[in-house]
There are 2 protein chains.
Amino acid sequence: MSKPLRRDAQHNRDKLIAAAAAVFTERGIDAPLEEIARQAGVSIGTLYNRFPSRAALFDAVFPDRLANSLMFGDQALACEDPWDGFVLFVTRLCELQAGDRSLNDLITRRFPDATAVAEACGNGLDKATQVIDRAQRAGALRPDFTFADLVTLTWANARIVAATQDTAPTAWRRHLAFLLDGLRATAAHPVDEPPLTPEQLDAAMRA
Amino acid sequence: MSKPLRRDAQHNRDKLIAAAAAVFTERGIDAPLEEIARQAGVSIGTLYNRFPSRAALFDAVFPDRLANSLMFGDQALACEDPWDGFVLFVTRLCELQAGDRSLNDLITRRFPDATAVAEACGNGLDKATQVIDRAQRAGALRPDFTFADLVTLTWANARIVAATQDTAPTAWRRHLAFLLDGLRATAAHPVDEPPLTPEQLDAAMRA
DNA sequence: CCCAAACTTGAGGATGACCTCAACTTATCA
DNA sequence: TGATAAGTTGAGGTCATCCTCAAGTTTGGG
């Protein structure tokens, strides 16, 4: 355990986290740190005292929010119809991306030093495999769909969201609807391209 | 008509265009201009003499390449089967994105000052409407698919390509296959979200 | 061959982001 | 109420990119 912070320091830390959340949401995950310090009413030096790196700030800001936001896994599994559960899961995930620039980045990229964020993402998405399995066992979801394909879907959605969020913030729903029609088992035609391996997936997230 | 360039100036201009093509292809459209000057063996001042802006450089580099690259419109219309033609058109478009970072950017974004680029894109894609129409009239392509949806598809593909080109350069084909299965008329379920209006499309390209 | 116009050059100012650290301020505890 | 450890500050160094311009070089017509 580390020593507790002095009262003023704790207060500044709280203000920094609040400001970071706001700035990241609004300007994305590459927002300048000086902007966060400014908005927290604190000097840039203080920000670096509390959070030696951007990743450390991520680890302070996002795990809670991700844990809250990614709770739809259980909701999806609770759906009576497995296909509806799958659709709900994917739709919620995309909604998350659409509602918050920073989550859109985080779901899509990995930051090797933000270990707490990685863990929160992992926890949130580990239900995905169950949701997929269940829909496939019910014969609703095409059997060749994998977890890696879900990640690919979020990449696709990320760019659509980025392009349209200012002028047509729900446009992504249309692409998703087309895609979901192609994910039904009844629509499936054989696909040559194999799914990404876990290693490829991992490498792609670091881009 | 503007006066012809002096011989040395023309030569430098050629070297700059060649270097720009190489650098843009390799590093994308935001590559530093100084890198281009360096690779052309010319000073940064000369680059700015010839091309007062990045967009001017685009206009010199890309229209020819785009015109050549986007010729698959006729090829698609020549396919006996209208659905195969549509698939060929979309696949070629995505291949173009996958093969060249700069084209991936250009197909996806608009640069208001690069008028020649915009025109070349427009010319290349004006066949798209015919390809879509033909596939729809044949009852193969779902009737609610529009040109705007094709652009959305290229946004989606752009991000997938960007994420995977170093480690799994054909991964985009899998997402495209799933999506195409959803674009068949036989797979279509009603979609609530309306297509982007031309204005929304235009606005989104400027992001 | 010469000179005026055309062209090239690269140092350097502007910007915006990163990160550090020596000097200052404040909380806490005895 | 000090004394001291903890915390804050912001000017300023670093870096990468953009863009300009005064001084020098080259071309080509007369």
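Numbered from 1 within each chain, the chains take letters A, B, ... in sequence-line order. Because only heavy atoms are used, hydrogens play no part in the values below, and waters and symmetry mates are left out as well, while side chains stay in.
Atom pair B:L47:CG and D:dC19:C1' shows a separation of 11 Å (rounding to whole Å applied). Atom CG in B:L5 sits about 14 Å away from atom P in D:dT27, given to the nearest Å. Following rounding to the nearest Å, B:I44 (CD1) and D:dA22 (C1') show an atom-to-atom distance of 18 Å. The separation between B:N49 atom CG and C:dT9 atom P is 9 Å, rounded to whole Å. Distance, A:R6 CZ to D:dA5 P: 13 Å, rounded to whole Å.
Side-chain N/O atoms of B:R54 include one lying less than 4.0 angstrom from OP1 or OP2 on D:dC18. Within the 4.0 Å cut-off from OP1 or OP2 of D:dT8, at least one side-chain nitrogen or oxygen of A:R50 is found.
Taking the side chain of A:Y48 as heavy atoms from C-beta on, and the options C:dC7, C:dT20, C:dT26, the nearest nucleotide is C:dT20. With distances taken from any side-chain atom of B:S43 to the nucleotides D:dT9, D:dG7, C:dG10, the minimum falls on C:dG10.
The residue A:D8 sits close only to the backbone: its heavy atoms come under 4.0 Å of sugar-phosphate atoms, none of a base.
A donor and an acceptor atom, one from each side chain of A:N49 and A:T46, are nowhere located under 3.5 Å apart.
Of the residues in residues 10-36 of chain A, those with a non-hydrogen atom less than 4.0 angstrom from any atom of DNA chain D are A:N12.
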Solution key, residues 28-37 of chain B side-chain donor-acceptor pairs under 3.5 Å, sequence neighbours excluded:
| from | atom 1 | to | atom 2 | distance (Å) |
| --- | --- | --- | --- | --- |
| B:D30 | OD2 | B:R109 | NH2 | 3.1 |
| B:E35 | OE1 | B:R38 | NH2 | 3.3 |
| B:E35 | OE2 | B:R38 | NH2 | 3.3 |

Pairs of donor and acceptor atoms involving the side chains of residues 60-73 of chain A, under 3.5 Å and at least two apart or interchain, shall be tabulated with distances.
| from | atom 1 | to | atom 2 | distance (Å) |
| --- | --- | --- | --- | --- |
| A:R65 | NH2 | A:T25 | OG1 | 3.2 |
| A:R65 | NH2 | A:D100 | OD2 | 2.4 |
| A:S69 | OG | A:R65 | O | 2.8 |

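Partners of B:D59 under the side chain to side chain donor-acceptor pair (under 3.5 Å) rule, at least two apart in sequence or in another chain, do not exist in this structure. Every ring-ring contact (aromatic ring centres under 6.0 Å, His included) that B:F111 has, sequence neighbours left out, goes to B:F58.
Relative orientation of the B:H175 and A:H175 rings is parallel, given thresholds of 30° and 60° on the angle between their planes.
Within the structure, no pair that satisfies the side chain to side chain donor-acceptor pair (under 3.5 Å) test touches residues 115-124 of chain B, not counting sequence neighbours.
Between A:G41 and B:P52, the residue anchored nearer the 5' end of DNA chain D, judged by the nucleotide with its closest heavy atom, is A:G41.
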